[in-house]
Amino acid sequence: MSGCEQHSYIYMNNAATSWPKPPEVAEAMAEAVKALPGAANRGGLSDFDVFGEVRKELALLMGVPHPEQIALGCNSTWGLNQAIFGYPLQAGDTVLYTGAEHNAVLRPLYRLEKRGIRTVEVPVNGAGRMEPADWERAVKEYRPRLCIFTHASNVTGAVNDVMSLTSVSKEAGADVLLDVSQTLGCVPVRLSEWGVDMAAFTGHKYLLGPQGTGGLYVRPGLSLSSHMVGGTGVKSDLREMPEKMPLRLEAGTGNEPSYHGLLAALIWNREHPADRKQGEAVFRKLTEGLSGLGCLVILPGGETTPVVSFSIPGVSAGEAADILTGSYDIILRAGLHCAPDIMGDIGMAGGTLRLSLSRFTSEEEVDVVLSAIRDIKESGGI
């Protein structure tokens, strides 16, 4: 498993939180907890700025030239809230978003509606992907101020054509907020090349870092109001948050131990590139096996993350998940996956079973999962 610890469970819930992590992650976090605090701007004794080093690694990974434009927080939900509530919207403005969005987008938008902001959802296709032609029609019709879409669906794994969606949005004068929670560390992300204005990310999924890490990239020239305000360690005489990034968006003491873990994960990923062909072969074996068993499988085609949603005829998603976990020690996800609006678009109104693989998932583990699902299908559940 490429240096990661062996375990008794078969873990296929990586779209939620990746596991296992490289051992260097835990080691770095433990050392940080034992050491004297040394956070930048906070009067620590160390001159090593872990947050600055993380920004440099993330800038390389996201394809942006200005690491200081990356604000670090606790997760992508933090980043999305900061972007949505910090963006200079006014009553009467329109926000356009897709049917594949996570509740970390949907719930902030519901609040904006109460403030007089119009929000418009564009349905995705049956694979969970935004059709560029549908997006273009919606952009021309609604003339949004802000466009929001996910790079990849956390339900089906379908990767969107960011270049096309962004180009259409920018031509109409809108800024673009991209959610790369499901893709950063898994598929290439090129924010500057695509012309993306803001991008929210998390550290605990395919970056293989710990929970409590994530943030928001904001392009130079775009100023957001601070969704959270407080101490920054410098400029303490100011009554408002500093204008300069990333201080403008980073109030309070950062999660230093977890960011040492994320830095270790980022370096490990850079030094140990994933074997994409092997990963694709394992994922193909899983999806073909599920289809062969007669499961109803969402197969997006095109570029995808290693995520598959499916159902077992005659067995509810919740019941099947309970059996797979309780009797077979297979960890997966069942339900709406915090993305309720996509379910109608993909014809799965009751939710799905979701298996999400990592670079460490083996063919032997896939064999066990398929065997367990065969048992459930043949027995009709409990």
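By convention here, the first residue in the shown sequence is residue 1.
A donor-acceptor contact under 3.5 angstrom links the side chains of Thr98 and Glu101, judged on distance only. Looking at Arg359 and Asn269, their side chains do bring a donor and an acceptor atom within 3.5 Å of each other.
Val95 is not listed as a side-chain neighbour of Ile84, based on a closest heavy-atom distance of 4.5 Å or more. The shortest side-chain heavy-atom distance between Met198 and Leu146 falls under the 4.5 Å cut-off. The shortest side-chain heavy-atom distance between Met62 and Ile70 falls under the 4.5 Å cut-off. Counting heavy atoms from C-beta outward, Val159 and His151 have side chains that approach closer than 4.5 Å. Looking at Leu208 and Pro22, their side chains come closer than 4.5 Å, going by heavy atoms from C-beta outward. Looking only at side-chain heavy atoms (C-beta outward), Val308 and Phe283 come within less than 4.5 Å of each other. You'll find the side chain of Arg219 reaches within 4.5 Å of the side chain of Asp175, heavy atoms only. Residues Met348 and Ser309 have side chains not in contact (no heavy-atom distance under 4.5 Å, counting atoms from C-beta outward).
Of the charged side-chain nitrogens involved, at least one lies within less than 4.0 Å of a carboxylate oxygen, so that Glu136 and Lys140 count as a salt-bridged pair. For Lys285 and Asp367, the salt-bridge test passes: some basic side-chain N is under 4.0 Å from an acidic carboxylate O. Taking the charged nitrogens against the carboxylate oxygens, Lys56 and Glu53 do have a contact shorter than 4.0 Å, which makes a salt bridge. Using a cut-off of 4.0 Å between Lys/Arg side-chain N and Asp/Glu carboxylate O, Asp49 and Arg55 are scored as not salt-bridged.
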Checking Asn125 against Glu131 for the side chain to side chain donor-acceptor pair (under 3.5 Å) test, could you report, in this order, the C-alpha distance in whole Å, the side-chain angles of both residues, the deciding distance, and whether it holds? CA-CA 7 Å; Asn125 65 19; Glu131 292 285 357; 2.8 Å; yes
I would like to know whether Val218 and Leu249 meet side chain to side chain contact (heavy atoms under 4.5 Å, CB included); could you show each step before the answer? CA-CA 10 Å; Val218 183; Leu249 305 182; 4.1 Å; yes
Taking it one step at a time, do Phe149 and Trp135 satisfy ring-ring contact (aromatic ring centres under 6.0 Å, His included)? CA-CA 10 Å; Phe149 48 88; Trp135 185 254; 5.6 Å; yes
If you apply the rule side chain to side chain contact (heavy atoms under 4.5 Å, CB included), what do you find for Tyr206 with Val187, and how did you get there? CA-CA 9 Å; Tyr206 293 107; Val187 300; over 6 Å; no
Mind running side chain to side chain contact (heavy atoms under 4.5 Å, CB included) on Val54 and Phe51 for me, showing each step along the way? CA-CA 5 Å; Val54 165; Phe51 302 104; 5.7 Å; no
Test Ile267 against Glu57 for side chain to side chain contact (heavy atoms under 4.5 Å, CB included), laying out the working first. CA-CA 8 Å; Ile267 294 172; Glu57 292 286 342; 4.0 Å; yes
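Residues Val50 and Phe201 are members of one and the same hydrophobic cluster, defined by side-chain heavy-atom contacts under 4.5 angstrom among Ile, Leu, Val, Met, Phe, Trp and Tyr. Residue Leu262 is grouped with residue Val189 when hydrophobic side chains (ILVMFWY) are merged at heavy-atom distances under 4.5 angstrom, including chains of intermediate members. Cluster annotation: Val368 is connected to Ile373 through the hydrophobic network of ILVMFWY side chains, with a link wherever side-chain heavy atoms come within less than 4.5 Å. At a threshold of 4.5 Å between side-chain heavy atoms, the hydrophobic network of Ile, Leu, Val, Met, Phe, Trp and Tyr places Leu290 and Val307 in two separate groups. Taken together through direct or relayed side-chain contacts under 4.5 Å among Ile, Leu, Val, Met, Phe, Trp and Tyr, Leu299 and Leu286 form part of one hydrophobic cluster.
Counting only distance, with no hydrogens or angles, the side chain of Asn103 and the backbone of Arg107 share no donor-acceptor pair below 3.5 Å. Without hydrogens or angle criteria, Gln82 side chain to Ser225 main chain gives a donor-acceptor distance under 3.5 Å. Asn160 places a side-chain N or O within donor-acceptor distance of the main-chain N or O of Met130, the cut-off being under 3.5 Å. In this structure, the side chain of Ser153 does not engage the main chain of Ala100 through any donor-acceptor pair within 3.5 Å. Judged by distance alone, with hydrogens and angles left aside, the side-chain atoms of Asp93 form no donor-acceptor pair with the main-chain N or O of Ile117 at under 3.5 Å. Put simply, the side chain of Arg354 never gets that close to the backbone of Thr156: no donor and acceptor are under 3.5 Å apart. Between the Asn14 side chain and the Ser356 main chain, a donor and an acceptor come within less than 3.5 Å of each other. Looking only at distances, a side-chain donor or acceptor of Ser18 sits under 3.5 Å from a matching main-chain atom of His204. With hydrogens and angles ignored, the 3.5 Å screen pairs a side-chain donor or acceptor of Glu250 with a backbone N or O of Leu72. Judged purely by atom type and a 3.5 angstrom limit, Arg145 uses its side chain to pair as donor or acceptor with the backbone of Pro88.
Among all heavy-atom pairs drawn from Leu216 and Leu177, the shortest one is CD1-CD1, 4.2 Å. In terms of heavy atoms, Leu336 sits closest to Gly350 at CD2-C, 4.4 Å. Closest of all the heavy-atom pairs between Ala158 and Pro300 is CB-CB, 3.7 Å. Residues Leu165 and Pro132 share a closest heavy-atom pair of CD2-CA, 3.9 Å. Across Ala199 and Leu191, no two heavy atoms sit closer than the pair CB-CD1, 3.6 Å. Considering every non-hydrogen atom in both Gly212 and Tyr259, the closest pair reads O-CE1, 4.1 Å.
Thr166 OG1 to Glu171 CD: the interatomic distance, rounded to the nearest 0.5 Å, is 11.0 Å. Expressed to the nearest 0.5 Å, how far CH2 of Trp194 lies from CE of Met163 amounts to 8.0 Å. Separation of atoms CG (Leu263) and OG (Ser258) is listed at 12.5 Å; rounding is to 0.5 Å. With values rounded to the nearest 0.5 angstrom, Leu266 atom CG is found 7.0 Å from Leu61 atom CG. To the nearest 0.5 angstrom, Leu112 atom CG is 14.0 Å from Arg118 atom CZ. Here the straight-line distance linking atom CG of Leu207 with atom NZ of Lys205 works out to 11.0 Å at 0.5 Å rounding.
Counting non-hydrogen atoms of neighbouring residues, nucleotides and ligands closer than 6.0 angstrom, the CZ atom of Arg270 exceeds 12 such neighbours. Within a 6.0 Å sphere centred on CZ of Phe85, heavy atoms belonging to other residues, nucleotides or ligands number more than 12.
Shown are Ile10, Leu332, Asn13; of these, the side-chain contact (heavy atoms from CB on, under 4.5 Å) with Thr325 is made only by Leu332.
Using the six-membered ring where Trp is involved, Phe360 and Trp268 have ring planes that are tilted, between 30° and 60° apart.
Counting only residues at least two apart or on different chains, the side chain to side chain donor-acceptor pair (under 3.5 Å) pairs with a member in residues 328-340 are Tyr328-Asp375, His337-Thr352.
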